[in-house]
Amino acid sequence: MSAENIPNRFDYVARSGQIYGQWLEEGCFDAEINPDKKPFTIVIPPPNVTGALHLGHALNNTLQDIQIRLHRMMGYEALWIPGTDHAGIATQAVVERRLKEQENITRHDLGREALVQRIWAWKDQYEKRILDQLKRMGCSCDWRRTRFTLDDQCATAVQATFFDLFRQDLIYRGKRLVNWDTFLQTAVSDDEVFHETVKGHFWHIRYPVVSPKAGEPKFVIIATTRPETLLGDTAVAVHPDPAAELDRLQVQLTERLANASEKDAPAIGQQLEQIQERRRTMLPGLIQLAKMATDGRMLELPLTGRTIPLIADVWAKPEMGSGCVKITPAHDPNDYEVGLRQSLPMINILNTDGRLNEHGGSYQGLSTQAARTKIVADLEAMELLDQVEDREIDLAHSDRSKTAIEPFLADQWFVRMDKLAQSAIDAVENDQVKIFPTRYAKGYVDWLSEKRDWPVGRQLWWGHQIPIWTQEYASSKDLAASFKLINRLEGEYAGEIVANAESETILHVSLRGGNEELVTKIESLGFVRQSDVLDTWFSSALWPHSTLGWPEQTDALNYFYPTNTLITSRDIITLWVARMVLMGLNNTGQVPFSEVFIHPKILDGYGETMSKSKGNGVDPLDVIDKFGADALRFGLCWLTTETQDVRMPVQFECPHCEALVNQTKQNRQLPRVKCDKCGKEFSTQWAEKADDKALAKAPVVSERFETARNFCNKLWNAARFTMMNLEDYTPAKIDRTNLALEDRWLLSRLSSVNQTMTAAIKKYQYADAARAIYDFAWDDFCSNYLEIAKPRMQEEQSRPVVQRVLAHALDQLLRLLHPIMPFVTEAIWQEINALHPVRDQQTLQPASKFIIKADWPTPVPSDVDVEIEQQFLLFTSL
RNA sequence: GGGCGGUUAGCUCAGUUGGUUAGAGCACCACGUUGACAUCGUGGGGGUCGUUGGUUCGAGUCCAAUAUCGCCCACCA
């Protein structure tokens with residue numbers, strides 16, 4: 001095609017798919033083990049298969065692809081491993097909800113196997129959609145290596161890891177208070193719980209003292225927001241030394257008051273007065289109770305006929321309530337801690353469906369709500385109810401079922417974190433893993449420093465089933481007999497079976513995966529596999545090495561691991577990043593990556609996070625359809641600064657007239673919206689009714705990608721102009737000692753921008769990189785150099801030199817832009833290759849067939865002339 | 001309660017170690033289409049840099065206080 005026939009718009013719709021196909025065909029994304037090259041590896045943060053990707057993913061993956069493409073051009077063997085995450089509870093909940101909505105059945109109607117099958121079908125559908133989205137964005141992943149956190153390779157890694165941790169005694173069975181969803185009948189994690197303030201009451205209840213001595217109170221008063229839990233009380237606590245505690249608080253508050261600002265002072269002063277008031281009125285009573293506690297006095301627990309001890313424990317705060325607190329170890333996290341400390345019995349009063357069990361006595365079978373009403377009435381009748389305050393209560397609800405959470409004592413598997421967490425702290429503190437921006441390292445270290453054991457079991461069906469088999473024994477004699485059996489098995493299958501006896505009568509066996517014969521044998525001995533599955537983060541934690549074939553010492557693992565950088569968003573620094581570091585260290589002895597970049601989050605026009613449920617999410621494909629993938633990528637890159645989240649007002653694009661209709665809090669959840677401009681109605685993602693669905697659906701986009709789209713077009717036309725003026729171009733070295741000012745200036749700028757770009761991308765300063773190349777392309781190359789070149793190309797003497805400078809500059813500009821805008825640069829590259837393959841002044845060699853495989857430009861330090869750049873700036877501003 | 005971040009033009013954001021007249025994109029106003037590009041060009045309007053105080057010859061930038069918005073963590077008998 002001759003240059004004149006090139007259209008004046010880049011047809012990204014037609015060209016992008018075609019170019020991507022060429023890259024795939026040529027294996028441009030495939031990384032091979034190559035001892036002559038240094039590897040550069042990134043593993044994708046595997047998107048959840050719960051749904052399609054949104055703009056946040058588009059940002060995340062664009063930033064990774066830029067690194068991969070840059071390093072590929074720089075001569076590294078660049079590997080980007082793609083994949084998806086099974087996302088445990090989230091995916092199962094989505095599928096279960098659909099079952100309920102569309103077929104009105106629950107998972108129990110289907111059964112485990114059938115449900116899991118349904119979820120696999122869902123996974124196949126969304127994985128395909130997700131991978132397709134990544135391809136449309138231009139992501140240059142090595143698709144041959146695509147993994148899924150629940151596939152066989154990852155399962156092998158999970159089982160090997162679990163087995164190893166078990167053998168190291170880093171996995172144990174323990175009781176733990178979990179957030180129990182009584183509707184779904186599963187524990188849910190803290191992140192799956194939301195809090196809502198509801199109106200409630202604060203009931204003050206009298207617990208009679210058993211045979212009070214003279215001068216002693218007849219009752220101890222406790223206060224609670226959940227009176228029904230008294231059925232599970234096993235103690236009442238009072239502070240062991242209330243006088244000292246109040247003193248301490250008083251000193252502390254006095255100090256704070258002295259340093260307090262005018263604004264805070266009154267509140268602190270008030271607290272101080274309250275403490276002093278308590279000292280006067282309540283302290284003697286509390287001291288007496290503390291004495292009674294050490295004497296081992298008992299209280300009568302109303303409605304149960306039980307007596308419980310009055311105990312001394314620091315958990316009871318003398319400055320709060322009555323100074324006494326009821327202890328319900330099986331239904332309150334703090335009370336649980338007290339229960340452990342004080343060796344109190346733990347009485348679980350609930351069934352898994354949330355109704356009271358046999359420990360509820362006459363209240364058995366009632367829901368907690370019904371029991372509460374009845375208990376309060378009964379207490380009142382017995383004159384044990386002291387006073388009732390109205391109070392707002394922050395009540396935990398399950399994200400999934402929207403029902404109230406009951407704290408519930410359940411058996412759980414834990415990973416002991418002490419040693420593992422320390423290794424991950426050390427890795428960051430001694431810079432083996434560098435986190436950018438550096439401020440995020442603090443949260444990482446703080447979280448790990450708590451070294452809280454990791455509860456890894458989930459009462460789900462979708463996930464890696466825990467590779468532990470348990471057998472209960474009637475007596476320790478039976479146990480001893482089986483121990484022998486196990487020991488024998490261990491000898492027979494050396495290194496593949498490890499047994500722990502949790503107590504005298506329960507034995508747990510963990511098997512290394514992949515031996516069906518052994519599993520059969522163990523099960524024939526009466527061992528039953530744990531039905532729980534592992535927390536989804538367990539398999540994600542292995543991602544950087546499991547994707548490369550660990551536990552096999554594969555060549556790929558040896559070559560590509562540790563990976564170079566991990567690019568992710570800040571909300572999973574602890575959940576995911578920290579755990580990858582500690583698991584990587586445990587399994588391979590090496591950190592999983594040397595750098596972590598935490599990128600901003602994309603918010604909507606109101607500063608709210610985008611989500612499907614709010615209706616403010618944006619499908620990257622909508623943006624790609626309207627503006628092109630390059631515009632999407634450049635636009636996101638342009639916005640990626642170190643400190644700020646990205647606020648992005650969102651519009652519906654009217655399918656009738658293409659006008660952009662602002663998305664507002666009012667219209668974003670409507671099934672149909674009327675266009676401001678043409679007045680016609682269109683449907684949205686919420687359309688369900690037939691007449692709504694019949695309307696044309698509006699894509700959701702943001703006009704903030706216009707700048708980037710225009711930039712693509714500018715680049716396209718600059719290239720077009722250049723090509724139109726290269727007809728009689730002859731490649732040759734330009735004589736740098738005899739150049740016009742504007743030529744020297746452009747070459748200087750080119751090398752400066754090259755340096756800036758390379759440094760900025762390597763430091764994850766994406767916005768700086770985008771701005772540098774945008775300014776260079778638009779202002780320097782187009783507005784200045786091309787305009788000056790026009791008259792110079794009419795002169796015979798200067799024409800050849802200008803052509804060579806132009807060809808070279810465009811060539812280098814395309815390369816510099818390629819990591820950010822891969823499609824348009826590849827399209828231009830191929831057009832110009834067909835006409836003038838030799839452009840690069842440094843080599844004077846024909847350009848590579850694809851720009852994706854071209855060398856990253858090397859700055860020419862001798863070309864950089866700060867003085868000329870400044871002079872020229874003055875010259876053009878005149 | 002602890003930690004982190006933001007506050008600069010109508011909107012969304014830059015502003016490096018303090019240094020002339022605080023920038024960009026979008027939006028707005030005027031003019032321009034035989035021009036590589038109207039997804040463009042030329043010109044223009046618009047900012048007491050949240051507030052107060054301090055350091056300095058000089059503060060958007062450094063320090064202190066304060067207001068306000070947002071995020072994370074902990075806690076809430």
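Reminder, nothing fancy here: chain letters follow the sequence lines and each chain counts from 1. Bear in mind the structure is a predicted one, so any value in this text is a computation, not a measurement. Heavy-atom basis, side chains included; hydrogens, waters and symmetry copies ignored.
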Indicate the ring-plane relationship of A/Y764 and A/F597, choosing parallel, tilted or perpendicular according to the 30° and 60° boundaries. parallel
Pairing check on [N]: which nucleotide meets the Watson-Crick or G-U wobble criteria with it, both distances under 3.5 Å?
N: B/C26; value: B/G10
N: B/G41; value: B/C31
N: B/A59; value: none
N: B/G5; value: B/C69
N: B/U48; value: none
N: B/U17; value: none

Quantified in whole Å, what is the [atom1] atom distance between nucleotide [N] and nucleotide [M]?
N: B/U56; M: B/G10; atom1: P; result: 34 Å
N: B/G25; M: B/A64; atom1: C1'; result: 36 Å
N: B/C62; M: B/C49; atom1: C1'; result: 16 Å
N: B/G19; M: B/A59; atom1: C1'; result: 10 Å
N: B/C13; M: B/G6; atom1: C1'; result: 12 Å
N: B/U7; M: B/U51; atom1: P; result: 13 Å
N: B/A22; M: B/G58; atom1: C1'; result: 15 Å
N: B/A27; M: B/C40; atom1: P; result: 9 Å

Does the distance from a Lys or Arg side-chain N to an Asp or Glu carboxylate O, for A/E450 and A/R452, drop under 4.0 Å? yes
In plain terms, say whether A/R668 and A/E608 are close enough for a salt bridge, that is, a side-chain N and a carboxylate O under 4.0 Å apart. yes
Taking the side chain of [X] as its heavy atoms from C-beta onward, which of [options] lies nearest to it?
X: A/R771; options: B/C37, B/U12, B/A14; result: B/A14
X: A/W638; options: B/A36, B/U12, B/A24; result: B/A24
X: A/K326; options: B/A36, B/A77, B/C26; result: B/A77

With distance as the sole criterion, do the side chain of A/R647 and the base of B/U12 form a donor-acceptor contact below 3.5 Å? no
Hey, is the side chain of A/E450 pairing donor to acceptor with the base of B/A74 inside 3.5 Å? no
Looking only at side-chain N and O atoms, does [X] come under 4.0 Å of OP1 or OP2 in [N]?
X: A/W778; N: B/G41; answer: yes
X: A/N725; N: B/A36; answer: no
X: A/T641; N: B/C13; answer: no
X: A/R9; N: B/C37; answer: no
X: A/K442; N: B/C73; answer: no
X: A/K714; N: B/G25; answer: no

Polar contact flag, side-chain donor to acceptor under 3.5 angstrom, A/Q803-A/D728: yes
Does any donor atom in the side chain of A/S449 or A/K451 lie under 3.5 Å from an acceptor atom in the other side chain? no
Whole angstrom value for the distance that separates P of B/G3 from CG of A/D446: 10 Å
Let me know the distance between CE of A/M648 and C1' of B/C11, rounded to the nearest Å. 13 Å
Take A/W447 and A/E703, find for each the nucleotide of RNA chain B with the closest heavy atom, and name the residue whose nucleotide sits nearer the 5' end. A/E703
Would you mind telling me which residue lines up with the more 5' stretch of RNA chain B, A/T224 or A/N8, judged by nearest nucleotide? A/N8
Ring centroids only, cut at 6.0 angstrom: are A/Y774 and A/W638 within range, meaning strictly under it? yes
Please say whether the positively charged group of A/R9, taken as NZ for Lys or CZ for Arg, lies over the ring of A/W716, i.e. under 6.0 angstrom from the six-membered ring centre and within 45 degrees of the axis. no
